[in-house]
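Below, read A as the first sequence line, B as the second, and so on, with proteins coming before strands; counting in each chain starts at 1.
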Number of protein chains: 2
Amino acid sequence: MFELDLRSRAPIYEQLVDKIIELIINNVLKPDEQLPSVRVLSSELTINPNTIQKAYRELEYRGYIYSLPGKGSFVKPAVSGDNTARLQSLESELARIIAEMRYLGMPPGEIVTRVNDLLSKDKGGKMND
Amino acid sequence: MFELDLRSRAPIYEQLVDKIIELIINNVLKPDEQLPSVRVLSSELTINPNTIQKAYRELEYRGYIYSLPGKGSFVKPAVSGDNTARLQSLESELARIIAEMRYLGMPPGEIVTRVNDLLSKDKGGKMND
DNA sequence: TAACTGTACTATGCTTACTAGTACAGGTGT
DNA sequence: ACACCTGTACTAGTAAGCATAGTACAGTTA
């Protein structure tokens, strides 16, 4: 389910957080779908349960999952209205990426084409595997 | 010139790297423009010169600057043709951001508008301060 | 020569990440 | 009630990374 790059400088828990967010925003993990338990995932990935625990805690803090003691951790349905800060953060990341693409020589028309491609994929509901 | 967030979890040298890259891709720092020396910047920012050194080394490794012993460190002109890996990396980051914007409920039309705004700013040559 | 430049070390202390282990409380099925 | 799962919350230890301080070398420029 997950692949970790143990040679990467990114901490393991952060890789997990990123991966799970990616699965959530790409609708691979559905709202209210249960995540593997910290113990199951830790033995799958052969890492310590506390590390999973930290990742899940971070995901919960960021609002992507909710956890019920004794039951498990679940994907939190996307809430509208509470995402202003995150959207602003995404917009400044977008500005940065666009600026760097321009800096590296990608023509504006090609950038727009890429964005439209990504949006049409999204509209079709197809997942990019 | 730079602002560091000393409360951030990001290491100081990485903040420097990010800041300088941002200035470069937004054309605030011009090609072949000299960066402050490690000693000047370290006293400006009241951090150790070795930390600046590490940031400059990272920037050089990533291809954004070049350093000449005895002379200083300079913004490297953007080279065309050698940016495939970086562009691909940017594209996957773009895909991620678009997906998350969609996930958080931003309509596709608004995303396109944002992108076009950013591109028209870029075309005008105006800097976003 | 003096004053700058980048570069390359060494040593130290602090912080973070990760592991291992343990234990508690909650939930579910038999 | 028991067994087995779940998340949660700790403690302790180790390793790695970060930042600092200091030093020194070589190159450049006036």
Side-chain angles (χ1 to χ4, degrees), chain A residues 1-21 24 29 31-77, chain B residues 1-21 24 29 31-77:
Chain A
M1 186 175 184
F2 303 113
E3 283 183 353
L4 297 179
D5 186 358
L6 297 182
R7 296 160 310 176
S8 169
R9 263 191 39 218
I12 293 179
Y13 82 94
E14 276 199 15
Q15 292 181 46
L16 275 180
V17 168
D18 290 342
K19 270 292 181 199
I20 292 174
I21 290 180
I24 290 173
L29 288 176
D32 294 310
E33 183 172 351
Q34 183 161 19
L35 300 179
S37 79
V38 289
R39 291 179 180 87
V40 166
L41 197 52
S42 82
S43 72
E44 268 185 28
L45 300 177
T46 59
I47 59 178
N48 194 275
N50 276 345
T51 311
I52 314 282
Q53 181 178 348
K54 183 161 187 176
Y56 280 11
R57 185 160 55 221
E58 179 71 22
L59 284 163
E60 190 164 0
Y61 173 72
R62 294 198 203 176
Y64 286 99
I65 67 169
Y66 61 94
S67 302
L68 303 175
K71 299 194 65 170
S73 298
F74 305 83
V75 177
K76 191 171 181 181
Chain B
M1 187 173 184
F2 304 114
E3 283 183 354
L4 298 178
D5 185 359
L6 297 181
R7 297 159 310 177
S8 170
R9 262 190 40 215
I12 292 181
Y13 83 93
E14 276 199 16
Q15 291 182 49
L16 276 181
V17 168
D18 290 343
K19 271 288 179 200
I20 292 174
I21 288 179
I24 289 173
L29 288 176
D32 295 310
E33 182 172 351
Q34 184 162 20
L35 299 179
S37 79
V38 291
R39 291 180 180 88
V40 166
L41 197 51
S42 81
S43 72
E44 268 185 28
L45 301 177
T46 59
I47 59 178
N48 193 275
N50 277 345
T51 311
I52 314 283
Q53 181 177 351
K54 184 162 189 177
Y56 279 12
R57 185 160 55 222
E58 179 70 20
L59 284 163
E60 190 163 359
Y61 174 72
R62 295 197 203 176
Y64 286 100
I65 68 169
Y66 62 94
S67 300
L68 304 177
K71 300 192 65 168
S73 299
F74 304 83
V75 177
K76 190 169 180 180

Under-3.5 Å donor-acceptor pair between A/Arg9 side chain and D/dG17 base: no
Donor/acceptor link under 3.5 angstrom from A/Asn50 side chain onto base of D/dC10: yes
Measure from [atom1] on [X] to [atom2] on [N] and round the result to the nearest Å.
X	N	atom1	atom2	answer
A/Arg39	C/dG27	CZ	C1'	13 Å
B/Glu14	C/dT16	CD	C1'	13 Å
A/Leu45	C/dC18	CG	C1'	14 Å
B/Leu68	C/dT7	CG	C1'	13 Å
A/Ile12	C/dC18	CD1	P	5 Å
B/Glu58	D/dC18	CD	C1'	14 Å
B/Leu4	D/dC18	CG	P	15 Å
A/Gln53	C/dA17	CD	P	15 Å

Electrostatic pair A/Arg9-B/Glu14, nearest N-O below 4.0 angstrom: yes
Salt-bridge criterion met for A/Lys54 and A/Glu58 (N-O under 4.0 Å): no
Side chain of [X] only, please: which of [options] is the nearest?
X	options	value
B/Lys71	C/dA20, C/dT28, D/dT29	D/dT29
A/Lys54	C/dT19, D/dG7, C/dA17	C/dA17
A/Ser73	D/dG7, C/dT19, C/dC18	D/dG7

First of B/Ile47 and A/Val38 reached from the 5' end of DNA chain D, by closest nucleotide: A/Val38
Nearest-nucleotide comparison on DNA chain C, the residue closer to the 5′ end among A/Ala10 and B/Gly72: B/Gly72
Please confirm whether the shortest side-chain N or O distance from [X] to OP1 or OP2 of [N] is below 4.0 Å.
X	N	answer
B/Ser37	C/dC4	no
A/Thr51	C/dT19	yes
B/Asn48	D/dA21	yes
B/Tyr13	D/dA19	no

Working for side-chain contact (heavy atoms from CB on, under 4.5 Å), residues B/Val75 and B/Asp32: CA-CA 5 Å; B/Val75 177; B/Asp32 295 310; over 6 Å; no
Six-ring centre of B/Tyr66, B/Lys76 cation under 6.0 angstrom, axis tolerance 45°: no
Test log, rule side-chain contact (heavy atoms from CB on, under 4.5 Å), inputs A/Tyr56 and A/Ile20: CA-CA 9 Å; A/Tyr56 280 11; A/Ile20 292 174; 3.8 Å; yes
